[in-house]
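Reckoned from all heavy atoms, side chains included, excluding hydrogens, waters and symmetry mates. All residue numbers in this chain count up from 1 along the given sequence. Computed from a prediction, not measured in an experiment: that's the story for all the values here.
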Amino acid sequence: MMDVDKVAKHYVGIGSCIVIVLLTIALLVSALRPEWNMTAPIWVSTCFSVVFMLSFAFLWRWISINNKESLTTLYSVVSGLRMVLALFTMFICFLVVGRDAMFPYVLVFMVFYLVMVGFHTIYFSKVTNRQ
């Protein structure tokens, strides 16, 4: 029997460290290349990553406690939901900044997105295999 609270806190802890590392690297690149003007894209990507990670940890914990049989469905649904929310976030950025300023948003967002998807996949495949 796994300790659900411990697994959820561990997920948030490691995920937060990954986001902090990504944020630090992005801010360093932004400082070295100020003409790229990546401050807003960095914060949009960071906020999306943190909010989604915390939301998923809470949801995973709740489902693990209340309906463990639904975890497989949760993993499938979350993949699609993350993609839809990412597209929606990029669409809002597009509406705010316009087409010509979207390249830094897409570039930074995709790095954060892919790293967090990779982390999520690896972490929960190990959690699932331990059960």
Side-chain angles (χ1 to χ4, degrees):
M1 181 73 184
M2 80 172 142
D3 182 6
V4 172
D5 287 330
K6 183 178 176 183
V7 171
K9 287 178 184 176
H10 194 241
Y11 173 74
V12 170
I14 294 173
S16 298
C17 290
I18 291 172
V19 170
I20 289 169
V21 168
L22 288 171
L23 174 63
T24 303
I25 292 169
L27 289 173
L28 286 171
V29 169
S30 181
L32 294 173
R33 303 294 260 179
E35 68 272 11
W36 289 354
N37 193 19
M38 295 183 353
T39 305
I42 291 169
W43 290 112
V44 166
S45 302
T46 301
C47 290
F48 179 87
S49 298
V50 169
V51 168
F52 196 86
M53 177 187 53
L54 292 174
S55 301
F56 179 76
F58 175 77
L59 186 60
W60 180 86
R61 181 186 169 281
W62 186 79
I63 289 178
S64 290
I65 291 169
N66 295 313
N67 192 3
K68 197 171 192 123
E69 297 79 32
S70 297
L71 283 176
T72 306
T73 305
L74 173 69
Y75 297 139
S76 300
V77 168
V78 163
S79 296
L81 181 63
R82 181 187 293 121
M83 175 69 76
V84 168
L85 290 175
L87 290 171
F88 180 73
T89 302
M90 287 294 95
F91 179 68
I92 296 299
C93 291
F94 172 77
L95 293 177
V96 171
V97 300
R99 186 178 138 215
D100 296 335
M102 278 304 293
F103 182 70
Y105 283 87
V106 172
L107 183 66
V108 173
F109 194 86
M110 287 310 296
V111 170
F112 275 74
Y113 181 87
L114 292 173
V115 169
M116 293 307 289
V117 166
F119 162 64
H120 170 86
T121 302
I122 291 167
Y123 187 84
F124 283 103
S125 68
K126 288 182 179 183
V127 167
T128 303
N129 289 336
R130 272 191 272 157
Q131 295 177 3

Problem set entry | Partners meeting side-chain hydrogen bond (donor to acceptor under 3.5 Å, both in side chains) with Asn67 (sequence neighbours left out) | Ser70

For this session: With rounding to the nearest 0.5 Å, note down the distance linking CG in Leu23 to CZ in Phe112.
Result: 5.5 Å

Problem set entry | Residues which pass side chain to side chain contact (heavy atoms under 4.5 Å, CB included) with Trp62, listed by chain and number, not counting sequence neighbours | Asn66

For this session: With sequence neighbours excluded, tell me which residues meet side chain to side chain contact (heavy atoms under 4.5 Å, CB included) with Ser16.
Result: Val12, Met53

Seminar exercise, completed: To the nearest 0.5 Å, atom CG of Leu95 lies from atom CE of Met102 at 9.0 Å

Exercise. Which pairs, with at least one residue in residues 3-26 and sequence neighbours excluded, count as a ring-ring contact (aromatic ring centres under 6.0 Å, His included)?
Worked result: His10-Tyr123, Tyr11-Phe56, Tyr11-Phe119, Tyr11-Tyr123, Tyr11-Phe124

Problem set entry | Between CZ on residue Phe91 and CZ on residue Phe88, distance to nearest 0.5 Å | 8.0 Å

Exercise. Rounded to the nearest 0.5 Å, what separation is found between the CG atom of Leu22 and the CG atom of Leu27?
Worked result: 11.0 Å

For this session: Return the set of residues passing salt bridge (charged side-chain N to carboxylate O under 4.0 Å, His left out) with Arg99 (not counting sequence neighbours), or none when no residue passes.
Result: none

Problem set entry | With Arg82 via salt bridge (charged side-chain N to carboxylate O under 4.0 Å, His left out) - residues at least two apart | none

Exercise. Of all residues at least two apart in sequence or in a different chain, which pass the side chain to side chain contact (heavy atoms under 4.5 Å, CB included) check with Leu85?
Worked result: Phe48, Phe52, Leu81

Problem set entry | Summary of salt bridge (charged side-chain N to carboxylate O under 4.0 Å, His left out) pairs that have at least one residue in residues 5-14, sequence neighbours excluded | Asp5-Arg61

Problem set entry | Pairwise salt bridge (charged side-chain N to carboxylate O under 4.0 Å, His left out) hits with a residue in residues 15-30, at least two apart | none

For this session: List for me each residue that meets side chain to side chain contact (heavy atoms under 4.5 Å, CB included) alongside Met110, sequence neighbours excluded, and say none if there are none.
Result: Val106, Tyr113, Leu114

Below 3.5 Å, can you tabulate the donor-acceptor pairs from side chains in residues 32-46 to any protein atom, sequence neighbours excluded?
unit_1	atom_1	unit_2	atom_2	d
Ser45	OG	Pro41	O	2.8
Ser45	OG	Phe109	N	3.3
Thr46	OG1	Ile42	O	2.8

Exercise. In terms of hydrophobic clustering (I, L, V, M, F, W, Y; side-chain heavy atoms under 4.5 Å; direct or indirect links), are Val117 and Ile14 co-clustered?
Worked result: yes

Exercise. Is it true that a side-chain atom of Ser125 and a backbone atom of Ile122 form a donor plus acceptor pair closer than 3.5 Å?
Worked result: yes

For this session: Output every pair passing salt bridge (charged side-chain N to carboxylate O under 4.0 Å, His left out) with a member in residues 85-98, not counting sequence neighbours, ordered by first then second residue.
Result: none

Problem set entry | Smallest separation among heavy atoms of Ser49 and Met116, with atom names | OG-CG, 3.9 Å

Exercise. What distance do Leu71 atom CG and Ser76 atom OG have between them, rounded to the nearest 0.5 Å?
Worked result: 11.0 Å

Problem set entry | Nearest-0.5 Å distance, CG of residue Leu54 to CG of residue Leu59 | 12.5 Å

